[in-house]
Amino acid sequence: GDASAAQSAGDPKPVTAKNLSFGEGIDGKAVFIGSGSVLEFLTEKNLRQDRGTVMMYFKPVWDPSSVEAGTDKSKWHCLFSELRPEKRAGSGALWFWIHGSSLRADTSDVSDSYIQSSILSGKNEWMHLAFSWDGNEKKIYINGKRAGGAGDGHSPLDLKSKSGKNSGTFKNFFVGT
């Protein structure tokens, strides 16, 4: 399989593509991203941090409704992210992820706010997920319907960075982890 983006304003080829497997998707091929997988693309011309939408078809290989949220990072599933800066709150880093049985979208604003929604699918069921953001609001869509509401204002993410100091811009972004 090929991990290049089907549509891209910038470079469609990944910077890094490791430990990926491919199978049948909704429309063409799908990439399986599991533990130890990396799929990384350049931000330039591919991602605007001030506004945009990330969408994907997603099929969990576990039952999301049976997982409780908590600090056990093995229960967290990243769908889309930027590098985590040393001080994530206020950095503008984008995160679209599953925390327990909740779909969650973060823009790492200064108040560290986010939106979340319950996942309405089970193991091995395809769903269409989207995260839209601009300077005023964040939105989550599940199967074309707006979902989610404000979270509790607290982010359980560990704010310690592995990536060094926050530069205010992010060179790359990741799909899945």
Side-chain angles (χ1 to χ4, degrees), residues 3-17 25-28 30-31 33 38-59 64 76-99 102-121 126-159 161-177:
S4 294
Q7 295 180 335
S8 172
D11 189 348
K13 292 185 172 109
V15 173
T16 307
I26 294 284
D27 183 14
V31 62
I33 300 173
V38 178
L39 183 53
E40 176 184 15
F41 292 90
L42 287 174
T43 298
E44 184 180 5
K45 296 184 183 177
N46 284 325
L47 176 67
R48 290 185 59 164
Q49 292 166 310
D50 61 332
R51 67 177 186 255
T53 300
V54 172
M55 57 187 161
M56 66 195 70
Y57 284 102
F58 174 72
K59 182 171 87 169
W76 299 1
H77 301 277
C78 183
L79 303 172
F80 172 87
S81 71
E82 293 179 290
L83 287 172
R84 184 184 309 167
E86 187 173 334
K87 294 183 179 179
R88 189 184 57 76
S91 69
L94 300 166
W95 297 82
F96 192 34
W97 58 298
I98 296 170
H99 180 234
S102 295
L103 180 63
R104 193 170 145 157
D106 297 77
T107 55
S108 302
D109 57 18
V110 291
S111 61
D112 201 22
S113 61
Y114 60 89
I115 57 173
Q116 66 183 5
S117 175
S118 294
I119 299 224
L120 306 173
S121 181
W126 285 103
M127 62 183 124
H128 188 263
L129 305 176
F131 167 31
S132 292
W133 66 93
D134 63 23
N136 298 313
E137 66 180 323
K138 303 175 269 284
K139 300 174 193 168
I140 293 175
Y141 296 88
I142 300 174
N143 294 326
K145 295 182 180 176
R146 190 164 176 184
D152 62 7
H154 169 71
S155 174
L157 290 174
D158 179 357
L159 298 180
S161 173
K162 296 178 185 174
S163 63
K165 294 184 179 181
N166 178 15
S167 66
T169 59
F170 301 91
K171 182 178 176 182
N172 303 332
F173 64 91
F174 299 84
V175 178
T177 57

For [X] and [Y], work out which heavy atoms get closest and say how close.
X: Asn46; Y: Ala9; answer: OD1-N, 3.7 Å
X: Asp106; Y: Phe131; answer: O-CZ, 3.8 Å
X: Ala30; Y: Trp126; answer: CB-CH2, 3.9 Å
X: Ser132; Y: Thr53; answer: OG-OG1, 2.7 Å
X: Ala105; Y: Tyr114; answer: O-CB, 3.2 Å
X: Trp95; Y: Ser81; answer: CE3-CB, 3.5 Å

Roughly how far, to the nearest 0.5 Å, is the [atom2] atom of [Y] from the [atom1] atom of [X]?
X: Tyr141; Y: Arg146; atom1: OH; atom2: CZ; answer: 5.0 Å
X: Asp50; Y: Thr107; atom1: CG; atom2: OG1; answer: 11.5 Å
X: Arg48; Y: Asp134; atom1: CZ; atom2: CG; answer: 11.0 Å
X: Ile98; Y: Phe96; atom1: CD1; atom2: CZ; answer: 8.0 Å
X: Lys145; Y: His128; atom1: NZ; atom2: NE2; answer: 14.5 Å
X: Met55; Y: Leu129; atom1: CE; atom2: CG; answer: 11.5 Å

Only counting residues at least two apart or in another chain, list the ones meeting side-chain contact (heavy atoms from CB on, under 4.5 Å) with Ala17.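 Partners of Ala17 by the side-chain contact (heavy atoms from CB on, under 4.5 Å) criterion, ordered by chain and then number, come out as Ala3, Pro14, Leu20, Leu39.
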side-chain contact (heavy atoms from CB on, under 4.5 Å) partners of Lys13, counting only residues at least two apart: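 Partners of Lys13 by the side-chain contact (heavy atoms from CB on, under 4.5 Å) criterion, ordered by chain and then number, come out as Ser4, Asp11.
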Got more than 12 heavy atoms from elsewhere within 6.0 Å of CG, Asp27?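 No, the 6.0 Å shell around CG holds no more than 12 heavy atoms from other groups.
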Just so I know, are the side chains of Leu79 and Met56 near enough to count as touching, which here means a heavy-atom distance under 4.5 Å?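 Contact flag for Leu79/Met56 side chains = yes.
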Side-chain touch Leu47/Phe80, heavy atoms, less than 4.5 angstrom: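 Yes; the side chains approach each other to less than 4.5 Å.
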I'd like to know if the side chain of [X] and the backbone of [Y] have a donor-acceptor N/O pair within less than 3.5 Å.
X: Asn143; Y: Met127; value: no
X: Ser8; Y: Gly10; value: yes
X: Glu40; Y: Val15; value: no

Counterpart residues, side-chain hydrogen bond (donor to acceptor under 3.5 Å, both in side chains), relative to Gln7 (two or more places apart):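 Checked Gln7 against side-chain hydrogen bond (donor to acceptor under 3.5 Å, both in side chains); zero matches.
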Between Trp133 and Val54, does a side-chain contact (heavy atoms from CB on, under 4.5 Å) hold up when you go through it step by step? CA-CA 9 Å; Trp133 66 93; Val54 172; 3.7 Å; yes
